[in-house]
Structures are given as structure tokens and as C-alpha cells.
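Presented below is the structure to which this report refers.
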Amino acid sequence: MNTIYLGKENNAVAPCVATIGFFDGVHRGHKYLIQQVNSIAKACGLASTVITFDRHPRQVLQSDYVPQLLNPLDRKLLLLSKTGIDNAVVLPFDASVAQLSAYDFMKEVLRNRLNVKKLVIGYDNRFGHNRTETFEDYVRYGHELGIEVIHHTAFELHGVNISSSVIRGFLQEGEVEMATLCLGYPYTLIGKVVHGFAQGRLMGFPTANMDVAESGQLIPATGVYAVNVKLKNQPHLLHGMMNIGRRPTFNGTALSLEVNIFNFRGDLYGELIEVSFIRHIRKERKFNSAAELAEQLQQDRTMIEEQFNKDRDL
Ligand SMILES: Cc1cc2nc3c(=O)[nH]c(=O)nc-3n(C[C@H](O)[C@H](O)[C@H](O)COP(=O)(O)O)c2cc1C
Ligand SMILES: Nc1ncnc2c1ncn2[C@@H]1O[C@H](COP(=O)(O)OP(=O)(O)O)[C@@H](O)[C@H]1O
């Protein structure tokens, strides 16, 4: 896959069949759409292209908007690279792009800059200033501009139209298994390991505290989860358990994300780690003492290891 960061200068781009969107999650619905783009492109001998944005359009339109992303941009590009698409175009979304009418966007960006011959979009896809046009308007503009606008069929899973917001909803409810089903892979948080309150090691359960502010990702519901952990320089995933919560046993107030990694010892401070959510285990609770909490953690670990063993044997 070629990744093209669209700058001010004109990139020379081969004629292509394209689709456009934020593609947060690169979920199964997105993959279904991209398959359609790839097969149309193949049938007419053109390149296939996904056009996406460097930041969420709402961040530009609404200055206090805090995105709750399913993936940071580099991970989105990694996922897109596995879909068989020829090109990913990253469009810097700024105030001037936001101002373009749908017609001007199709003319200036899609036709003049990106050489789009066919545009594959859904009936409910909207682009252009104020997003006022309908699919039929895009078709009409396309006629004038030499771009064939084709609507794609939506992907449904058990009658539900999968979307990034449906997946965000599942994660906000702690339903990480439903999120996995829709995404086609487990939801994964990327964050830097920071210092906590040094209580974990005293209980026999050191926990790497994650700071995910930089990735702008959504934090799932509070609770305890079975997770897989990817460390830098380690080829395989490690099993672990994560608590998202406020540490009521220690009268904590701030939200923390803490992962205890099984069969691991080492210093992780300052490292980037990736944590994938496999199962919701239980709610966070206040225990009478650190010793009682440690007992519960031992039970959690035993149960989670048993489940991982079962999954492996399936
Ligand atoms: C899997 C797991 C589950 C946890 N569950 C709870 C809980 O239910 N209640 C609680 O007060 N703390 C719970 N904790 C503990 C806190 O998240 C945290 O690890 C502990 O306060 C030590 O943090 P520190 O090392 O940053 O001081 C849990 C930790 C882990 C790893
Ligand atoms: N198995 C493990 N799982 C998570 N972190 C570990 C593990 N073994 C060692 N560590 C290290 O210990 C640190 C956590 O220790 P802890 O006592 O919980 O302190 P704090 O939460 O204050 O950082 C982690 O950030 C990591 O560097």
C-alpha cells in the first residue's frame, strides 16, 4: 500500500476508484466497503484508493471536541494496509478543507488532485461544507466532473448496521466481546507506561499504569478485563489483567488504567505498550484491605489463565 500524505504540491496519482471517510476502527463494515472498492478497481483496471483525514473533522469544526478514537492514525494506516487497497491518502483536514462545498471538493480534491474516476460511497455518506447534499446530488456533480458515483451496500451483522459509534457504545458499556465481533479484532489501547502509587508491587501484583492521552483513544468502561499485552521488542503477546478504575480500596479519585502482566518481570516505565481487550471479568470494588484485594487479584488471575487455556484448546 502506498501512503500519500497530501501536501500543497500536486502529487502525480494514477487514475483510481476511491472511497472517502474517517474509517475509525477499520471495522468489518469498512472492510466490506473496501472489498467493493478493490473489486470495482480490479474490474476496470484502475488503482484502488482510500481517502481519509489526519484528524477527526469535528476537531476542526468544534474546538472543544475531544475525539474518542478507536485507533490513532498510524494504527489505522497499518490496518488499512492489510485490506488489499493500493493507496491510502491522508488529507490534512483544516479550516480550508472544511469550507469547501461538496462540488468544489469533488472538483479540486477528488478530480484534480487525486484523479478519482469512480467514487464508492454509502447513501448516508456526507461530505462537503455543512454536509447538506444528498447522494443524488453527488451523482449529478459526478456527471459534470467525469466521476462516476457508485453507492455501496451496507454491511450488517445479525441485522445491525455496524458503525464506529455502535462499537464505541459497546466499549463504553464494557462489552468488549461485542466490540471484537464488530471490529474483527480485539479493541487495542496504545499508551505510555507512567509511574503510579507503587502499591502494586507491595501486593505482589505490579501494575503498569498507562497514559493514553496522546493516542486520543476511547477508554472502555471501568472494570476488570482479561487482556493481551504487546511489549516493544517482544514478538509474542503476553496475557494479563487490567483494571480501569479509581482504586477505591486506596481511596483513589483519578481514573487509572493498570495492567498486571502474567509471567513477566521488568522495568516498563516510559515504554509504549499495546493492550487488547479480550473479556470483561468483573466490576471494580472497594475491598477492606490491600490484603483482601490481593486475594481477589489472585482469583482473577487464576480464572483468566484458565480461560486463556480454554481459548487455546478450542
Ligand atoms: C486486574 C486488577 C483488578 C483490580 N481490581 C481492583 C478493585 O476491584 N478495587 C480496587 O480498589 N483496586 C483494584 N485494583 C488495584 C488498582 O487498580 C491498582 O493496581 C492498585 O491500587 C495499585 O496501584 P499502584 O501500583 O498504582 O499504586 C485492581 C488491579 C488489577 C491489576
Ligand atoms: N508483571 C508485571 N506487570 C506489570 N508491570 C510490571 C511487571 N513486572 C514489573 N513491572 C514494572 O513495575 C511497575 C509497576 O509497579 P507498581 O508497584 O505497580 O508501581 P506503580 O504502579 O507505582 O508504577 C510497572 O510500571 C513496570 O515497570
Side-chain angles (χ1 to χ4, degrees), residues 68 72 170-180 185-215 217-312:
Q68 300 219 298
F170 284 133
L171 293 169
Q172 281 158 343
E173 294 298 322
E175 295 186 41
V176 296
E177 288 158 90
M178 286 302 292
T180 303
Y185 61 90
Y187 180 62
T188 303
L189 270 180
I190 300 160
K192 202 160 121 182
V193 177
V194 294
H195 285 271
F197 297 91
Q199 297 288 334
R201 70 194 76 171
L202 299 180
M203 291 192 292
F205 290 93
T207 52
N209 292 51
M210 280 178 93
D211 179 353
V212 298
E214 197 161 319
S215 71
Q217 284 183 276
L218 177 146
I219 298 173
T222 57
V224 179
Y225 297 91
V227 297
N228 276 325
V229 185
K230 172 86 178 66
L231 303 177
K232 225 174 81 188
N233 306 327
Q234 286 243 15
H236 43 264
L237 297 176
L238 299 170
H239 298 324
M241 51 187 184
M242 166 161 262
N243 184 42
I244 301 181
R246 300 185 190 274
R247 309 161 64 251
T249 308
F250 300 96
N251 299 316
T253 49
L255 188 72
S256 67
L257 292 85
E258 315 218 15
V259 59
N260 171 251
I261 307 164
F262 303 158
N263 307 314
F264 171 80
R265 241 184 241 183
D267 182 349
L268 296 172
Y269 292 120
E271 272 193 30
L272 270 187
I273 63 171
E274 298 179 10
V275 173
S276 302
F277 291 80
I278 308 301
R279 255 193 207 97
H280 181 264
I281 301 299
R282 65 172 173 85
K283 290 201 162 118
E284 186 182 42
R285 282 170 34 210
K286 184 175 170 75
F287 292 88
N288 292 324
S289 64
E292 270 184 34
L293 170 59
E295 220 170 274
Q296 176 65 47
L297 293 183
Q298 188 51 56
Q299 285 174 26
D300 292 339
R301 174 172 177 165
T302 305
M303 200 258 280
I304 290 170
E305 285 192 311
E306 274 171 18
Q307 282 182 342
F308 274 122
N309 285 339
K310 253 193 228 150
D311 290 350
R312 199 191 45 208

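For reference, positions follow the sequence shown, starting with 1. Because the structure is predicted, anything quoted here is derived from the model rather than measured. For ligands, and for the atoms within them, numbers begin at 1 and follow the listed sequence.
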(message) With nothing but distance in play, are any N or O atoms of Leu293 less than 3.5 Å from an N or O of ligand 1?
(response) no
(message) If we only consider heavy atoms of Phe287, is any one of them less than 4.0 Å away from an atom in ligand 1?
(response) yes
(message) Counting only heavy atoms, tell me which of Ile273, Val193, Leu268 gets closest to atom 26 (C) of ligand 2.
(response) Leu268
(message) Nearest 0.5 angstrom please: Met241 CE to Leu297 CG, how far?
(response) 5.0 Å
(message) I'd like to know whether ligand 1 has Gly245 as a neighbour, heavy-atom separation below 4.0 Å.
(response) no
(request) Heavy-atom contacts with Gly200 under 4.0 Å: which atoms of ligand 2 show up? List them by number with element. (result) 17 (O), 18 (O)
(request) Can you sort out which atoms of ligand 1 are near Gly200, meaning under 4.0 Å from one of its heavy atoms? (result) 22 (C), 24 (P), 25 (O), 27 (O)
(request) Answer with yes or no whether Phe205 contacts ligand 1, where contact means a heavy atom under 4.0 Å from a ligand atom. (result) no
(message) Do Lys192 and Leu268 have side chains that approach each other closer than 4.5 Å (heavy atoms only, starting at C-beta)?
(response) no
(request) Answer yes or no: is there a side-chain heavy-atom contact under 4.5 Å between Tyr225 and Arg279? (result) no
(message) Quick check on contacts: which atoms of ligand 2 are under 4.0 angstrom from a heavy atom of Asp267?
(response) 27 (O)
(message) Evaluate Leu238 against Leu231 for side chain to side chain contact (heavy atoms under 4.5 Å, CB included), listing each step before the verdict.
(response) CA-CA 8 Å; Leu238 299 170; Leu231 303 177; 3.6 Å; yes
(message) Is a donor from one side chain sitting under 3.5 angstrom from an acceptor on the other, for Gln307 and Asp311?
(response) no
(request) For atom 17 (O) of ligand 1, find the nearest protein heavy atom and state the residue, atom name and distance (0.1 Å precision). (result) Asn243 ND2, 2.9 Å
(message) Any nitrogen or oxygen of Ser256 lying under 3.5 Å from a nitrogen or oxygen in ligand 1? Just yes or no.
(response) no
(request) Using the six-membered ring wherever Trp is involved, compare the ring planes of Tyr269 and His195 and label them parallel, tilted or perpendicular (cut-offs 30° and 60°). (result) parallel
(message) Any nitrogen or oxygen of Glu258 lying under 3.5 Å from a nitrogen or oxygen in ligand 1? Just yes or no.
(response) yes
(message) Quick check for you: to the nearest 0.5 Å, what is the distance between Met242 atom CE and Leu189 atom CG?
(response) 6.5 Å
(message) Can you confirm if the NZ or CZ of Arg301 lies within 45° of the ring axis of Phe262 and under 6.0 Å from the centre of its six-membered ring?
(response) yes
(request) Decide whether an N or O pair under 3.5 Å exists between Arg282 and ligand 1. (result) yes
(message) Starting from atom 17 (O) of ligand 2, what is the nearest protein heavy atom, named by residue and atom, and what distance separates them?
(response) Arg201 NE, 2.5 Å
(request) Look only at interatomic distance and state if Tyr269 has a nitrogen or oxygen under 3.5 Å from any nitrogen or oxygen of ligand 2. (result) yes
(message) Before you tell me yes or no, could you show the steps for Phe264 and Gln234 under side chain to side chain contact (heavy atoms under 4.5 Å, CB included), namely the whole-Å CA-CA distance, both residues' side-chain angles and the distance that decides it to 0.1 Å?
(response) CA-CA 11 Å; Phe264 171 80; Gln234 286 243 15; 4.2 Å; yes
(request) For atom 14 (C) of ligand 2, grab the closest protein heavy atom and report residue, atom and distance to one decimal in Å. (result) Thr207 O, 3.2 Å
(message) Considering Arg285, Arg201, His195, Arg246 one by one, which has a heavy atom nearer to atom 8 (O) of ligand 1 than any of the others?
(response) Arg285
(message) With rounding to the nearest 0.5 angstrom, report the CD1 to CD1 distance, Ile273 to Ile190.
(response) 11.0 Å
(request) Could you grab the distance from atom NZ of Lys286 to atom CG of Asn251, nearest 0.5 Å is fine? (result) 4.0 Å
(request) Look up atom CE in Met210 and atom CG in Leu257, then write down how far apart they are to the nearest 0.5 Å. (result) 7.0 Å
(request) Show your reasoning for whether side chain to side chain contact (heavy atoms under 4.5 Å, CB included) applies to Thr207 and Val259. (result) CA-CA 5 Å; Thr207 52; Val259 59; over 6 Å; no
(message) Could you work out, for atom 2 (C) of ligand 1, the closest of Ile244, Thr222, Leu297 by heavy-atom distance?
(response) Leu297
(request) Run the numbers for me: atoms of ligand 1, each under 4.0 Å from some heavy atom of Gly196, listed by number. (result) 26 (O)
(request) Considering only non-hydrogen protein atoms, determine which one is nearest to atom 20 (P) of ligand 2 and report residue, atom name and distance to 0.1 Å. (result) Gly196 N, 3.4 Å
(request) Just jot down the ligand 1 atoms closer than 4.0 angstrom to any heavy atom of Val224, in number order. (result) 1 (C), 3 (C), 5 (N)
(message) Residue-level breakdown please: for Thr207 versus ligand 1, do any non-hydrogen atoms fall below 4.0 Å on the side chain, on the backbone, on both, or on neither?
(response) side chain
(request) Specify side chain, backbone, both or neither for Phe197, according to which of its non-hydrogen atoms lie closer than 4.0 Å to ligand 1. (result) both
(request) State whether the shortest distance between N or O atoms of Thr249 and N or O atoms of ligand 1 falls below 3.5 angstrom. (result) yes
(request) Output yes when the distance from some N or O of ligand 1 to some N or O of Val259 is under 3.5 Å, and no in every other case. (result) no
(message) For a 4.5 angstrom cut-off between non-hydrogen side-chain atoms, does Arg246 reach Thr222?
(response) no
(request) Determine, considering heavy atoms only, which of Pro206, Gly240, Ala208, Gly266 sits nearest to atom 11 (C) of ligand 2. (result) Gly266
(message) I'd like to know if Arg247 and Glu284 make a salt bridge, using a cut-off of under 4.0 Å between side-chain N and carboxylate O.
(response) no
(request) May I ask you to list the atoms of ligand 1 that are less than 4.0 angstrom from any heavy atom of Phe250? (result) 20 (C), 21 (O)
(request) Starting from atom 21 (O) of ligand 2, find the nearest protein heavy-atom neighbour and note its residue, name and distance. (result) Asn209 OD1, 2.9 Å
(message) Using 30° and 60° as the class boundaries, would you call the ring planes of His239 and Phe308 parallel, tilted or perpendicular?
(response) parallel
(request) Would you mind running through ligand 1 and noting each atom that sits below 4.0 Å from a heavy atom of Ala198? (result) 24 (P), 25 (O), 27 (O)
(message) Under a 4.0 angstrom heavy-atom cut-off, which atoms of ligand 2 come close to Ile261?
(response) 1 (N), 2 (C), 3 (N), 4 (C)
(message) Tell me whether ligand 2 is touched by Leu202 - counting only heavy atoms on the residue side and a distance under 4.0 Å.
(response) no
(message) For atom 22 (O) of ligand 2, what's the nearest protein heavy-atom neighbour? Residue, atom name and distance, please.
(response) Ala198 N, 2.5 Å
(request) With rounding to the nearest 0.5 Å, note down the distance linking OG in Ser256 to CG in Asn243. (result) 6.5 Å
